[in-house]
There are 2 protein chains.
Amino acid sequence: MRTQVVTIHDVARAAGVSPATVSRVFNGGRVTPERAQSVQQAAAELGFAPNRLARSLRKQRSSVIALIIPDIENPFFTSLARGVEDAAQRTSLSVVLCNSDEDTDKERRYLEVALGEQMAGVIVAAASQDDTDLGPLIARGVPVVAVDRRPHEAEVDAVRADDQHGGEVATRHLLRAGYRRIACITGPEGASTSEERLAGYRAALHAARSEGIVADDAYVRHADFRVEGGRAAMREMLALPEPPDAVFVTNNLMTIGALDALAEVGRTPPGVGVLSFGDVPWASLVRPSLTAVELPSYELGRAAADLLLQRMEGSAAPLQTVVLRTRLQIRESTAGPVATD
Amino acid sequence: MRTQVVTIHDVARAAGVSPATVSRVFNGGRVTPERAQSVQQAAAELGFAPNRLARSLRKQRSSVIALIIPDIENPFFTSLARGVEDAAQRTSLSVVLCNSDEDTDKERRYLEVALGEQMAGVIVAAASQDDTDLGPLIARGVPVVAVDRRPHEAEVDAVRADDQHGGEVATRHLLRAGYRRIACITGPEGASTSEERLAGYRAALHAARSEGIVADDAYVRHADFRVEGGRAAMREMLALPEPPDAVFVTNNLMTIGALDALAEVGRTPPGVGVLSFGDVPWASLVRPSLTAVELPSYELGRAAADLLLQRMEGSAAPLQTVVLRTRLQIRESTAGPVATD
DNA sequence: CAAGCTGGTGAAAAGGATTTCACCCCCATA
DNA sequence: TATGGGGGTGAAATCCTTTTCACCAGCTTG
């Protein structure tokens with residue numbers, strides 16, 4: 001039964017050569033120019049398109065790389081994806097995106113697909129520090145780069161931001177602006193970004209203890225990195241006997257939720273200071289404008305892809321972790337409690 | 001040379017059966033329970049993971065479906081992607097996302113990948129009405145569904161919104177609110193959504209000609225469906241001798257750009273009416289709140305995936321086009337020119 | 001008791017490309 | 001005139017799984 005529309009054999013027959021020669025024409029083997037010419041022509045006439053499965057099976061390596069991200073609806077990750085794509089663009093590799101939805105089961109399935117499809121490489125922003133198992137891929141020799149989030153023990157190259165430092169700078173800025181009761185809404189326990197940004201916050205508060213600042217765990221909430229989580233956490237803290245006068249939110253979407261919750265009770269920045277880790281999407285429309293730790297999302301993707309490509313070319317350099325700088329962008333939402341309160 | 005970590009042969013040998021039996025165990029063939037048991041165990045011990053390439057090659061069909069979208073940074077498409085994923089979730093199929101970036105070359109590459117990788121199905125929001133060639137996929141018998149955008153002549157199932165009707169309702173609303181010089185910023189020529197939303201706008205203006213409304217092509221701009229395009233188009237029209245007093249923008253991102261441009265010259269809705277086709281992301285933060293034609297992005301994805309799954313199960317029903325309703329959500333940005341001007 | 005199922009099994013072909021290996025031809029060098 | 005070498009070529013093996021086909025054993029039915 002003929003199934004594939006046209007195979008390398010058909011082309012070979014049409015051009016009067018062997019399949020091996022056809023293969024060489026398409027893969028840069030040595031072939032006399034005139035023969036190559038007639039193969040090209042036969043292929044064009046028959047509308048030959050190589051079967052990538054057969055090729056990958058034989059070569060033990062496909063020509064697509066997988067990018068696994070935990071939330072496709074978060075502009076941070078889509079921007080990161082653009083960075084990866086643009087880097088891959090200059091090669092013949094295609095990037096496919098997989099959305100794990102912060103769900104380790106879905107993530108595991110995609111990792112299995114990546115392994116089973118013999119993908120040429122994998123870039124992963126891990127859904128979990130502990131449950132993300134990159135072992136099989138690594139054992140199989142597939143290049144893997146962790147981006148943004150760092151899986152716990154895995155022996156992989158990594159590209160991330162200086163989360164702890166960024167968190168510390170952010171919190172220090174809130175203190176300097178005069179806020180006293182600074183809360184923190186961070187992400188799920190187990191995500192490295194959650195933990196490290198929180199650690200930066202704690203470090204800054206700790207350093208300010210001599211000024212009478214006390215760290216209080218009632219002001220710390222773990223949420224889910226989504227809008228709803230931020231909203232719920234903010235509501236809870238607003239209901240405290242002594243609500244915070246500022247909040248450091250460790251991701252962009254939760255910041256949106258927190259702002260919503262504040263608006264519900266008629267409070268707006270900078271009366272309550274609001275500082276976001278990661279730019280809020282289309283922040284230009286938000287009033288007052290938001291102070292944020294700017295996260296180089298695009299560059300994270302770009303750097304991860306570059307690292308992956310190096311490994312795919314066979315670089316045997318020792319494992320590296322690339323840390324990209326964040327930058328505090330000061331705007332109106334942290335102008336200080338006195339100014340308008 | 002041993003390359004694949006462990007193959008079906010290894011499992012077969014370990015379990016004392018033939019490879020055929022191992023295959024049957026994993027694919028629901030008839031095998032005596034005890035044999036199946038020992039195969040399972042051997043597979044587990046050896047850490048067997050099937051080679052999906054070999055499987056797909058043999059079966060002439062892989063178990064992933066491709067979703068090709070033109071702008072991964074547009075929340076409309078990421079929401080649509082969620083719809084597709086959720087629908088696919090209940091099957092054993094995986095969804096991979098490809099970002100064509102409104103670039104027909106990139107899109108063509110992804111279509112080639114989908115064909116060459118023998119993907120089980122393709123859902124595509126076409127970058128172009130004319131240059132998107134689904135022919136090879138269709139010829140090969142791969143189920144294809146067009147979503148949101150309709151490629152011109154292609155014989156495929158389609159799922160889309162009632163773009164023209166939505167555009168007409170939107171424009172009528174602006175007229176009724178009292179705006180007289182209503183502009184339209186639409187997408188690239190050649191995208192069906194651009195054209196149809198524009199057609200709706202024109203129809204509404206035409207219907208109102210008896211009230212002294214004149215349609216003027218100086219008030220119609222084609223941009224690129226991105227923030228920058230919207231900003232540039234709005235700036236141009238603000239520089240006209242008689243700038244528009246309202247604008248109907250045919251997608252969410254361009255609306256953001258248009259709002260920016262308005263803010264630059266100190267004008268805000270509803271003094272200038274602003275109406276967006278498609279919700280602006282995280283609109284809750286935008287003041288004044290924006291009137292928008294609500295686009296069922298998630299449901300579009302969902303419906304497209306359902307249709308695709310039907311075809312994959314062999315449905316031979318005639319080609320269908322599913323049209324989903326939009327809904328005008330009236331908010332503050334179109335309260336009328338008199339109210340604040 | 002013969003004939004016919006039926007369920008379970010393994011050998012081998014198939015799927016389409018790449019790559020190794022042997023070979024041939026032609027030219028340059030000794 | 002031999003010998004060596006190198007470029008070009010095709011046959012066949014290879015990648016790993018699924019699936020067909022033939023076969024066998026054990027049962028039921030006429």
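Numbered from 1 within each chain, the chains take letters A, B, ... in sequence-line order.
B:Ser18 approaches B:Ala12 most closely through the heavy-atom pair C-CB, 3.7 Å.
Atom NE2 of A:His9 and atom C1' of C:dG15 are 11 Å apart (whole Å). Here the C1' atom of nucleotide C:dG10 and the CZ atom of B:Arg13 are 15 Å apart, to the nearest Å. For B:Phe48 and D:dC16, the CZ to P distance is 11 Å, given to the nearest whole Å. For the pair A:Glu117 CD and D:dC16 P, the computed distance is 15 Å after rounding to whole Å. As rounded to whole Å, 14 Å separates atom P of C:dA14 from atom CG of B:Leu57. Protein atom CD of B:Gln118 is 17 Å distant from nucleotide atom P of D:dT17, rounded to whole Å. Whole-Å rounding puts the B:Leu46 CG to D:dC16 P distance at 15 Å. Atom pair A:Asn51:CG and D:dT14:P shows a separation of 21 Å (rounding to whole Å applied).
In this structure a side-chain-to-backbone donor-acceptor pair under 3.5 Å is present from B:Ser56 to B:Arg52. At least one donor-acceptor pair closer than 3.5 Å links the side chain of B:Gln129 to the backbone N or O of B:Gly190.
For A:Glu107, there are no salt bridge (Lys or Arg N to Asp or Glu O under 4.0 Å) partners two or more places apart in sequence or in a different chain.
With rounding to the nearest 0.5 angstrom, the CZ atom of A:Phe225 is 9.5 Å from the CZ atom of A:Phe76.
Of the candidates D:dT17, C:dG10, D:dG7, D:dG7 carries the atom nearest the A:Arg30 side chain, counting heavy atoms from C-beta on.
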Return a single string for nucleotides 18-27 of chain C, one symbol per nucleotide in 5' to 3' order, where B is base contact, S is sugar-phosphate-only contact and - is none, cutoff 4.0 angstrom on heavy atoms. BBB-------
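Remark: aromatic rings of A:Phe26 and A:Phe48 are close, center separation under 6.0 Å.
One finds a side-chain N or O of A:Ser18 lying less than 4.0 angstrom from the OP1 or OP2 phosphate oxygen of D:dG10.
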